[in-house]
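Owing to the predicted nature of the structure, the values given are computational and were not obtained by experimental measurement. In the text below, chain A, chain B and the rest are named by the order of the sequence lines, each starting its count at 1.
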2 protein chains.
Amino acid sequence: MNLDAVAKRAGVSTATVSRVLNDLKVVRSSTRARVLKAAGELNYHPNLHARSLARGKSRTLGILVSNMENPFFFDIYRALESAAHARGYEVVVANTDYRSEQLVSSVRLMIGWRVAGLAAIVSEMDANLMQALNDSRIPIVFYDVGTPRKNITNVRVDYRKGMKKIAGYLHSLGHTRMAFVGHHSTLGPISERRKTFLETIARFTPGTEGQIVAGADGLEGGRQAARELLASNFHPTAILCVNDFMAVGVLRELRDQGIRVPNDISVTGFDNIKLAEFCSPALTTVHIPREQIGQTIFENLLPDSKRDQMSGREILIDPELVVRESTGLARKTQNSAGGKEKSLAGRSANS
Amino acid sequence: MNLDAVAKRAGVSTATVSRVLNDLKVVRSSTRARVLKAAGELNYHPNLHARSLARGKSRTLGILVSNMENPFFFDIYRALESAAHARGYEVVVANTDYRSEQLVSSVRLMIGWRVAGLAAIVSEMDANLMQALNDSRIPIVFYDVGTPRKNITNVRVDYRKGMKKIAGYLHSLGHTRMAFVGHHSTLGPISERRKTFLETIARFTPGTEGQIVAGADGLEGGRQAARELLASNFHPTAILCVNDFMAVGVLRELRDQGIRVPNDISVTGFDNIKLAEFCSPALTTVHIPREQIGQTIFENLLPDSKRDQMSGREILIDPELVVRESTGLARKTQNSAGGKEKSLAGRSANS
DNA sequence: AAGAATTCTGTAACCGTTTACACTATCACA
DNA sequence: TGTGATAGTGTAAACGGTTACAGAATTCTT
């Protein structure tokens, strides 16, 4: 079931078979028909390894994702894939599960497969690996890599703007004690989002206190973070979560402790995954256009276009506030230990 | 950056380099060291296409999934992948999105890649394609294919048992008007699950009426189905959903219509995804052990073992009832139009 | 009907590995 | 110091395609 077999059966050479299969219109149509018939009868499927080896290049794109389980990333993947398919590219995806060891082996795999381009939607990317990737000469686009660097192209959500919108909205509802719930990989000590939160609070919502809590990602992590937060002596009137999943976890814990949302505490998410609309109460969140992100990544991955591939660029994506049921007017703070102007505190729960 | 380059740099032949890279211990350790050094300096990554071409077989498994977005399938995938990695196999996954056209092209891709085995976790599999796959001589394991067939190995959840448990439980709470919410691909006119529901109702919960509603899969589909159900003149005291996602959609709609769960209506899911524990109210559902499924699929995919690959077998997985907050005692039916014994009705909403 | 132009097809080298086989060191032992 | 045995390495033929190049077949000119 290789080219040879088809060639024999059709009474032509392998070259001709190859031409037919690749739709080069140089072949006489009668020959073409004979070849297709033979291929069909033999149930022939070209060996794609041999093909990419011979061609020296593939039309396959690689995608690295930290957490495919999060529909947010999944949607990006889906958009990217559909853009790729539309242009005749295949896509292989590796889920790294936030494990850098897994990431390393996935990268090795992608390079081994000689993918035509690589989309890195991973938060556990470290400097070494980024260097290695750049050395590999594979076109690569990062999504939202924490610390921007020269020569890498990076599609990024404007978190600053999103944070401003959501914190501003909460502030307009009278909230002055806000907590930020993130997970470890978004909240390292030098994390940009951590800074963004603190700066936003400080600059745009005067007289507001802030607190940061970190946990694992996901539903469990959200619940756990809420637990810690409620056990602490910081009594927030609003809890801002780094993504919707964690927010749903937070909602769950509040409910278990008999705290009403939004009457007692307001909760917000980030991403606007489908679930945000379906949970109870429905989440106020920030919509991030995943389709746009996926498409943008794809477009910047393609070798075409006049812009030189190697000079990295930074693409900013705009988020949009979506108000639902989980936010409301701030309750009178029952034990505000004095809301002075300089009260901005940013102690992290995981020191 | 091919074997040749490394060989030159290390002053050996390509054969030796290959042997080093494949860990054949026939190489003298001093040579070995030189080769590894050269490979490292050149930042060499073997071309996996060439490798599988030369070897004539790959250690890559293919997975076809209808809906990777559903964490239920994702968990199976994850378990399968981790089992595979533990045995040195790679895994490529294709998401078919319930589109049979997409499935066809994914299958083509997998065959083209000459995967060592194929896991089909798809519900849109039709008879033709299954035939084609069997002809391709690739070991293949199906998950829960609707209509069992000779010569294919199929890992299946014992839905009958799960349905019995959940319907029996509801019956013990006094429910006698149950609706079943499924999506199109699980509820074709000849679907097994549809039959299972009806038979279970008939045999194990005497005096119970049943109704079937179908929609799209997922949160939206669940909401839509609930909407239709509530608009009909069948007034269920319990709604059984084919999976947890649809159940959450149902919960949402009930809440929007001011119907309390479980006080007014009980709702159940299926699968026991993480969300089932975190939504409000937490779902009573049926736990399906995804890790076990993933592992089982992998084990049955391997060429090892004395059991002949080609004689298909059927493996049944046992589900377990999980009671949470979404079910309670049946309310007195407000307009039961006479619950006679023969009242089992099975009209589908989408005729 | 012959030559030129054009269209179609075949030959063979190549892509980057693996691996059977042959060969050369190295070593143990008489 | 030869003689096997053994350990280490190289040569070259696959693997299954693609494609430059050349050659054959067809069509177009005159």
Just to verify, what does [X] make a side chain to side chain donor-acceptor pair (under 3.5 Å) with, not counting sequence neighbours?
X      : result
D97(B) : R78(A)
N70(A) : none
R19(A) : none

According to side chain to side chain contact (heavy atoms under 4.5 Å, CB included), who are the partners of [X], at least two apart in sequence or on a separate chain?
X       : answer
L53(A)  : N47(B), A50(B), L53(B)
S105(A) : Q102(A)
A54(B)  : none

Problem set entry | Protein proximity profile, nucleotides 12-22 of chain D - base contact B, sugar-phosphate-only contact S, no contact -, cut-off 4.0 Å on heavy atoms | ---BBBBB---

Exercise. With K8(B), which residues qualify under salt bridge (Lys or Arg N to Asp or Glu O under 4.0 Å), at least two apart?
Worked result: none

For this session: Only counting residues at least two apart or in another chain, list the ones meeting salt bridge (Lys or Arg N to Asp or Glu O under 4.0 Å) with R34(B).
Result: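 None.
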
For this session: Please report how far the helix from dA1(C)-dT30(D) to dA30(C)-dT1(D) bends, comparing the axis fitted to its first five pairs with the axis fitted to its last five, to the nearest 10 degrees.
Result: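 Angle reported: 40°, given to the nearest ten degrees.
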
Close N or O pairs between protein and nucleotides 6-8 of chain C (under 3.5 Å):
from   : atom 1 : to     : atom 2 : distance (Å)
dC8(C) : O5'    : V26(A) : O      : 3.3

Exercise. Should the pair D23(B)-R32(B) be classified as a salt bridge under the 4.0 Å nitrogen-to-oxygen rule?
Worked result: yes

Run the side-chain donor-acceptor check on residues 55-63 of chain A: report pairs under 3.5 Å with partners two or more places apart or on a different chain.
from   : atom 1 : to      : atom 2 : distance (Å)
S58(A) : OG     : T60(A)  : N      : 3.3
S58(A) : OG     : R114(A) : O      : 3.2
R59(A) : NE     : G88(A)  : O      : 3.2
R59(A) : NH2    : R87(A)  : O      : 2.6

